[in-house]
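Right, one structure below, let's go through it.
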Amino acid sequence: MTISSGARDQGHDPGAGARRLLARLRDIMAGSGSAQDRLDKIVKTIAHEMSADVCSCYVMRAGEVLELFATIGLNPDAVHKTRMRVGEGLIGDVAAHARPVAMANAQSHPNFAYRPETGEDPFHGFMAVPILRGGRVRGVLAIQHKDRRDYHEQEVETLQTIAMIVAELVVTGELVDSRELSIANDLVLLPSRLEGISLNRGVAMGLAVLHRPQLTIRQMVADDPEAELARLKEAVESMHSAIDQMLIAVGESDSEHAEIMQTYRMVAADRGWLNRIREAIRSGLTAEAAVQRVQNDNNVRMAQVADAYIRDRLLDLNDITNRLLQHLAGKPVETLGATLPDEFILVARNLGPAELLDYDRRRLRGLVMEEGSAYSHVSIVARALDIPVVGQAADVLRRVEPLDYLIVDGDNGQVFVRPADDIQDAFSKSLAVRAQRQAEYAQLRDLPAQTADGEAVELLLNCGLLIDLPHLETTGADGVGLYRTEIPFMVRPSYPDVETQHETYARVLDEAKGKPVVFRTLDVGGDKTLPYFPELGEENPALGWRAIRIGLDRPSMLRKQVRAMLMAAAGREMRIMFPMIATVAEFIQARRILDLEVARLAAAGQPGPTRLKVGVMMEVPALLFQLDALLPLIDFMSIGSNDMLQYLFASDRGNPMMNNRYDLLSPAMLRVVRMLVQKCDAAGVALSLCGEMASKPLDAMALLGVGLRRLSMSAPAFFEVKGMARSLKVRELETYMESLYNRPDRSVRAHLRAWAADHGVRLG
Ligand code: PEP
Ligand code: MG
């Protein structure tokens with residue numbers, strides 16, 4: 001008889017059998033004897049209550065090795081002798097994937113690793129679950145039966161709940177010294193440098209604060225499920241009202257931010273999640289233990305899900321779980337500021353957007369995450385807070401101790417842990433120089449954007465969220481050269497309707513206060529995926545169904561987007577740009593859709609833009625050979641150098657192996673830009689460049705040198721580029737560059753840098 005069938009026999013109360021077992025285990029845990037004695041009793045009790053022939057407990061030791069610590073049913077001499085690497089055999093498999101395994105006949109399974117010393121030969125039925133704590137695997141708990149048998153899902157769940165109790169014993173440090181389980185001690189204390197990716201630029205220094213270390217749950221098993229359910233209810237209510245307060249605080253000031261929080265609020269009210277917690281309480285756990293039990297499942301799912309959107313939602317759920325645990329403990333999150341260092345760096349595996357906002361912003365200097373992606377909600381919020389962020393810093397939680405000194409280099413995606421004095425000095429100096437430069441730059445704001453020899457240049461910003469727009473004011477930029485409409489689409493849980501888009505675009509125009517804004521129609525596909533768009537599994541997504549190709553194949557989408565733009569621009573100018581145009585025919589088709597919407601608006605008597613300017617992104621080399629047909633049809637063109645480089649050199653822009661192999665400052669690329677300058681000038685078409693190239697002072701200098709006078713860049717680069725332009729005698733550079741176009745070199749970067757140094761050009 002198993003617990004679950006026993007429970008079924010009792011009819012009314014399906015959790016009674018499990019509760020009885022949990023109560024026994026609790027008594028053993030609280031009883032006398034060494035940890036080893038208690039573990040021995042635990043496996044015996046589990047085997048008895050679950051009518052198993054074997055129950056074994058493997059504990060994780062240093063070096064990712066699982067050691068048999070206790071067994072009933074296998075050869076007792078194998079205890080402390082049998083060891084499996086993570087990933088080895090069925091036990092190792094459970095640990096490697098942090099998920100349960102149940103099978104009728106283990107011996108026939110290809111992963112079965114036979115260990116003669118255990119005497120496992122007669123057993124067939126096999127079920128094992130990970131022992132999890134704090135999102136990490138601490139061991140594996142397994143039962144076996146002589147017979148072949150199919151285990152019920154309920155049995156697997158029961159063993160998972162039991163494993164939580166066993167986890168308590170494992171993490172006390174009585175079985176295995178907890179220091180052994182962190183990485184080798186010498187590594188812990190030595191300075192080290194971790195590589196990640198940059199999720200937001202900037203440099204910060206401060207003391208490490210590890211994001212909300214796991215709360216210690218004192219009591220796992222409860223006698224009175226009703227009382228626990230009532231505690232849960234109370235904590236959920238108090239959490240909901242705290243989140244509502246947060247929503248009110250976010251208010252109308254920042255609609256994307258508010259939207260993120262709304263999604264978050266929805267997750268907090270998720271019925272399935274709350275029901276699973278209630279079920280775990282009915283099986284005999286305290287409310288805290290039940291929340292954690294469901295969180296364990298969530299962490300396991302998170303490790304297995306590749307889809308970025310679902311991962312983000314699971315992350316939100318994790319955030320909410322931690323919040324709920326705090327409410328259960330009667331320690332609401334609002335107190336988080338009290339004990340924090342004056343300047344701190346937050347270190348987390350991953351983080352929900354609301355969690356980041358829990359910390360005192362005045363003291364928070366930077367963020368480091370083991371996971372994280374550029375478009376996750378937390379990255380967007382961190383950008384709004386203007387703190388450097390490094391993501392995908394592998395192992396950071398194991399390598400950083402609380403209050404370690406950290407340097408976050410968000411420009412290069414690096415984290416220095418306990419840096420030596422010379423590194424600290426170097427970064428302190430660099431920070432001081434930055435601060436000084438910022439002060440100098442601020443003075444540049446009101447000086448004219450022109451070269452040292454008097455050529456006017458137009459300097460624009462690239463934007464994607466409302467929070468980017470105040471930079472128009474702080475930098476004094478001439479307008480927005482590229483508004484990437486896909487970014488607000490990416491942070492939403494579903495496709496926005498015309499009204500929502502209309503509101504967003506109108507807000508953008510309002511915030512721009514009359515400065516021109518170039519709206520690019522949706523540029524998704526390739527590396528930019530929308531959570532609610534189907535995964536196409538294309539072999540070459542960069543060459544696939546993306547940008548205007550989707551717009552033309554799904555004209556209603558494009559129509560609605562341009563309709564929203566036209567409506568938003570009522571009574572003012574509108575500039576619309578189509579991305580990834582490869583043929584003039586594509587432009588004509590897109591333009592026709594736009595014209596139809598213009599006519600529709602007029603027919604409905606609705607106000608439209610006072611003036612409409614239409615342009616294209618120059619990203620696909622084929623378009624270079626259609627300029628004579630294209631230029632008479634357009635008002636402006638913007639070179640997308642990010643994509644142009646990848647298509648010109650057949651070199652994937654996202655592939656690190658291709659990094660630096662081909663250079664934007666190559667004769668080929670510079671000639672392309674020069675040709676476009678000449679042709680556009682002759683045709684009276686306004687030409688700009690809005691790829692990353694325009695954000696780098698030396699590259700931007702070369703662009704001015706080929707004759708371009710309009711650059712659109714990210715806001716943090718603005719003053720560097722303006723400072724460069726104001727120190728440049730561009731006519732002299734134009735003459736010098738004539739000597740470069742025919743060079744056989746891969747890159748002329750070194751030549752340009754040397755010229756800049758010789759001619760006093762300020763490159764930042
Ligand atoms: C480009 O390709 O240079 C560009 C600006 O577009 P995105 O980076 O958004 O593809
Ligand atoms: Mg592009």
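Ligands are counted one by one from 1 in listed order, and the atoms in each one are counted from 1 as well. We number each residue from 1, following the sequence as shown.
- Summary: OE2 is the N/O/S atom of E619 found nearest to the Mg ion (ligand 2).
- The side chain of R520, and not its backbone, has at least one atom closer than 4.0 Å to an atom of ligand 1 (non-hydrogen atoms only; side chain from C-beta on).
- Across R484, E619, M644, heavy-atom proximity to atom 5 (C) of ligand 1 is greatest for R484.
- Taking the charged nitrogens against the carboxylate oxygens, R484 and D523 have no contact shorter than 4.0 Å, which rules out a salt bridge.
- Comparing G464, S712, S638, G640 against atom 1 (C) of ligand 1, the shortest heavy-atom distance belongs to G640.
- In this structure, W755 has its ring center no closer than 6.0 Å to that of H751.
- The nearest N, O or S atom of D643 is closer to the Mg ion (ligand 2) than 2.8 Å.
- Using a 30° and 60° split on the angle between ring planes, Y505 and F519 fall in the perpendicular class, above 60°.
- Shown in contact with D643 at under 4.0 Å from a heavy atom are these atoms of ligand 1, numbered in order with element: 1 (C), 2 (O), 3 (O), 10 (O).
- Residue T485 is tested with M577, Q501, M565 for a side-chain contact (heavy atoms from CB on, under 4.5 Å); the sole match is M565.
- With a heavy-atom cut-off of 4.0 Å, D523 touches ligand 1 through its side chain alone.
- Taking all heavy atoms of M617, M580, E486, Q646 into account, the minimum distance to atom 4 (C) of ligand 1 is reached by M617.
- Under 3.5 Å, the side chains of D745 and S747 contain no donor-acceptor pair of N or O atoms.
- Looking at D681 and Q678, their side chains never bring a donor and an acceptor atom within 3.5 Å of each other.
- Distances between N or O atoms of E692 and those of ligand 1 include no value under 3.5 Å.
- Ring planes of F587 and F578: perpendicular class, angle over 60° (limits at 30 and 60°).
- With ligand atoms numbered from 1 in the order given, ligand 1 contributes 5 (C) to contacts under 4.0 Å with heavy atoms of L482.
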